[in-house]
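Working notes for the structure below.
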Amino acid sequence: MKLTADSPAEKSATKTDVLLIGGGVMSATLGAFLKQLAPDWSISLFERMDRAGTESSDPWNNAGTGHAALCELNYSPAGPDGTVDPAKAVGINEQFQVSRQFWAHMVAQGHISGGFINPLPHMSFVWGDAHSEYLRKRYESLSAQPLFKTMEFTEDHGKIAEWAPLLMQGRDSGQRVAASRVAGGTDVDFGALTRELINYLGANGADLHFGHEVTNVTRASNGGWDVTVRNRATKATRMVSAKFVFIGGGGGALHLLQRSGIPEGKGFGGFPVSGQFLRSTDEKIIAQHNAKVYGQASVGAPPMSVPHLDTRFVDGKKSLLFGPYGGFSPKFLKGGSFLDLPLSVRPHNLIPMLAVAKDNMSLVKYLVTEVLKSREGKTKALREFYPEALTEGWDLITAGQRVQVIKKDPKSGGVLQFGTELITSADGSIGALLGASPGASTATPIMINLMKRCFPGEFAGWEPKIKEMIPGYGVKLNENESLAEEIDAETNRVLKLG
């Protein structure tokens, strides 16, 4: 393993087969795959922070610690006729199952430990007649699917109090409420997972460079890429020559994608959304809650702002958060610059960005309202979930930045996309990931897709090994119930999930 902080004199170009930009879960996952599929390839990773997994992958910055569509209502909205289509939720859960299998493989092989994942029930909770009826229809739709067959539903106050006592303490006994639950959910500390994967890379010959910021990516005369890297401590710069580049720098990916100049990156912009959480400091309160409980988003709120009362395990310690409260900052990274947004505007993305500004006034109104919300206003929102919550005993913490994708649209000029977007060059020599949710939870299938697109000559030869790592690879588990049960039992055993 090479952990480097290069000297000012080190300015000569170095060469690598694979260059990973960003020390988050996406780069870590891709690197871990390639280290096993192409062990002879050299891999270099550059991260601007002093350690891995400190931006979007960090659990305090990441609103989605294990998206499996078990409780997130925005993945299964009601249609115009009130019915709930399970397709999107099933698709996301299928992707999460792929990630689980890859993690279990890494643990079983002794490459990483399993301390990053813990068993935790996933719940949805709503109140009022309309929302309760919706949740019942969602339950009926999803519980008919094999991957969701263990889902439970109730409107009984006593049963909900058994599942999550804080939700019902002090609540009006006459209020109609409804809840669904999947007891077999999980909580994932993606910061810990990221660091384990990157430690595995370093222990197996990858060059890891922390405190190094990639400032430019340009096409080389040989068809590869010349990458300019700056040592943030010494300010020294050097050039690295790479055959393949992955831009996985979270919000910072857009600027580097633009600098690469590939035509596939034209027309993309970014809309940054920040957020805050209330984090409990009362161990007695924390001990009473053991679930991820998601509700309905406010009108005009982005999907990533769905409120949730959320148990987390960070570095093995149990905690409790509520939020997020939306906000706005022009920064693309939590530690970024206030010039990030204006400097991302280009002639090719100006029309999409203006179209999105025009068509998303409800989002702007929501963000302004959230920014102006007082501390008491934030506590009032918490009390909708936990009626007896006090203002005291909760710290307000700032979450990470989420840069939502803006892309061209032939009808409106531009659309705001709340998801992830994988962009690759025609020759497969460079790839970039933009966007957010469900993000980290689906890193494994996203990186498999990237390898398929960027390494078409090698991929067919890799597939037997991928199948070995991921027994359900290429199979829709929702359509193969016996295999789904077998894989679930095995990943539970390896990951010690009960």
Side-chain angles (χ1 to χ4, degrees), residues 59-60 62-76 89 92-93 96 100 116-127 131-132 135-136 138-139 142-143 147-171 175 177-190 277-297 306-314 316-324 381-389 393-394 438 441 488 492 495-498:
W60 299 128
N62 189 344
T65 54
H67 278 301
L70 300 173
C71 58
E72 304 93 337
L73 303 181
N74 53 297
Y75 295 142
S76 49
I92 289 173
N93 193 275
F96 186 69
R100 270 182 55 133
F116 60 89
I117 187 168
N118 288 278
L120 187 72
H122 284 205
M123 290 179 58
S124 303
F125 177 69
V126 298
W127 50 89
H131 290 325
S132 297
L135 193 63
R136 179 182 59 80
R138 176 181 181 271
Y139 161 74
L142 290 184
S143 61
L147 289 177
F148 293 81
K149 67 179 183 179
T150 61
M151 181 177 284
E152 305 169 78
F153 173 83
T154 187
E155 294 190 27
D156 181 76
H157 282 223
K159 176 60 70 174
I160 297 173
E162 288 180 21
W163 291 350
L166 298 185
L167 300 180
M168 305 310 295
Q169 291 175 11
R171 189 171 297 276
Q175 183 183 34
V177 294
S180 61
R181 182 179 79 145
V182 175
T186 56
D187 174 75
V188 183
D189 181 341
F190 283 107
F277 282 92
L278 288 173
R279 181 171 62 190
S280 177
T281 59
D282 189 332
E283 295 295 334
K284 293 182 180 179
I285 297 298
I286 295 169
Q288 293 181 63
H289 191 78
N290 193 59
K292 291 186 176 299
V293 182
Y294 275 61
Q296 285 280 32
V306 173
H308 45 287
L309 187 62
D310 201 0
T311 294
R312 299 274 178 96
F313 293 90
V314 181
K317 180 177 172 59
K318 185 179 179 182
S319 60
L320 179 62
L321 286 83
F322 177 78
L382 168 61
R383 290 190 185 116
E384 292 183 332
F385 277 74
Y386 170 26
E388 293 186 348
W394 295 82
S441 301
D488 186 62
N492 280 344
L495 298 173
K496 299 179 180 178
L497 298 175

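Values below: every heavy atom of this structure, side chains too, minus hydrogens, waters and symmetry copies. Note that the coordinates shown come from a computational prediction; the quantities given were computed from them, not determined experimentally.
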Shortest non-hydrogen contact from Ala179 toward Met123: CB-CE, 4.1 Å
Residues that Phe96 engages under ring-ring contact (aromatic ring centres under 6.0 Å, His included), provided they are two or more places apart: Trp103
Phe116 CZ to Leu495 CG distance, which is reported to the nearest 0.5 Å: 5.5 Å
Side-chain heavy atoms of Ser180 within contact of Leu135, under 4.5 Å: yes
Separation of Ser76 OG from Tyr139 OH (nearest 0.5 Å): 14.5 Å
Matching residue for Arg181 among His122, Glu152, Glu162 - test: side chain to side chain donor-acceptor pair (under 3.5 Å): Glu152
Main-chain N/O of Ala389 paired with Arg383 side-chain donor or acceptor, under 3.5 Å: yes
Pairwise side-chain contact, Lys292 with Asp187, heavy-atom cut-off 4.5 Å (strictly under): yes
Salt bridge (Lys or Arg N to Asp or Glu O under 4.0 Å) involving Glu384 - partner list, sequence neighbours excluded: none
More than 12 heavy atoms of other groups within 6.0 Å of His131 NE2: no
By side chain to side chain donor-acceptor pair (under 3.5 Å) - contacts of Asn492 (at least two apart): Arg100, Asp488
Nearest non-hydrogen partners of Phe313 and Pro119, listed with the distance: CE1-O, 4.5 Å
Salt bridge (charged side-chain N to carboxylate O under 4.0 Å, His left out) pairs, two or more places apart, involving residues 280-291: Glu283-Lys317
Reported CG-to-CG distance for the pair Leu147 and Asn93, which is rounded to 0.5 angstrom: 5.0 Å
Pairing residues for Glu388 by the side-chain contact (heavy atoms from CB on, under 4.5 Å) criterion, not counting sequence neighbours: Gln169, Tyr386
Thr311 vs Asn118 side-chain heavy atoms within contact, under 4.5 Å: no
Worked check of side chain to side chain contact (heavy atoms under 4.5 Å, CB included) between Val306 and Leu73: CA-CA 8 Å; Val306 173; Leu73 303 181; 5.8 Å; no
Distance in Å, Leu70 CG paired with Leu120 CG, rounded so as to fall on 0.5 Å steps: 11.0 Å
For Trp127, ring-ring contact (aromatic ring centres under 6.0 Å, His included) partners two or more places apart: Phe125, Phe385
Flag side-chain contact, heavy atom, 4.5 Å: Phe190 against Pro59: no
Close side-chain approach of Phe322 to His289, heavy-atom, < 4.5 Å: no
Exercise: identify the closest heavy-atom pair between Arg138 and Ala69: NH2-O, 3.3 Å
Heavy-atom check, side chain of Glu72 versus side chain of Ile92, under 4.5 Å: no
Note, Trp394 side chain near Leu320 side chain (heavy atom, < 4.5 Å): yes
Worked check of side chain to side chain contact (heavy atoms under 4.5 Å, CB included) between Ser143 and Phe148: CA-CA 5 Å; Ser143 61; Phe148 293 81; 5.6 Å; no
Nearest-0.5 Å distance that lies between atom CG in Leu382 and atom OG in Ser280: 9.0 Å
Plane angle bin for Tyr294 and His308 - parallel if under 30°, tilted between 30 and 60°, otherwise perpendicular: parallel
Inter-residue atom distance Arg312.CZ - Arg279.CZ, 0.5 Å rounding: 10.5 Å
Test log, rule side chain to side chain contact (heavy atoms under 4.5 Å, CB included), inputs Asn290 and Lys318: CA-CA 9 Å; Asn290 193 59; Lys318 185 179 179 182; 3.5 Å; yes
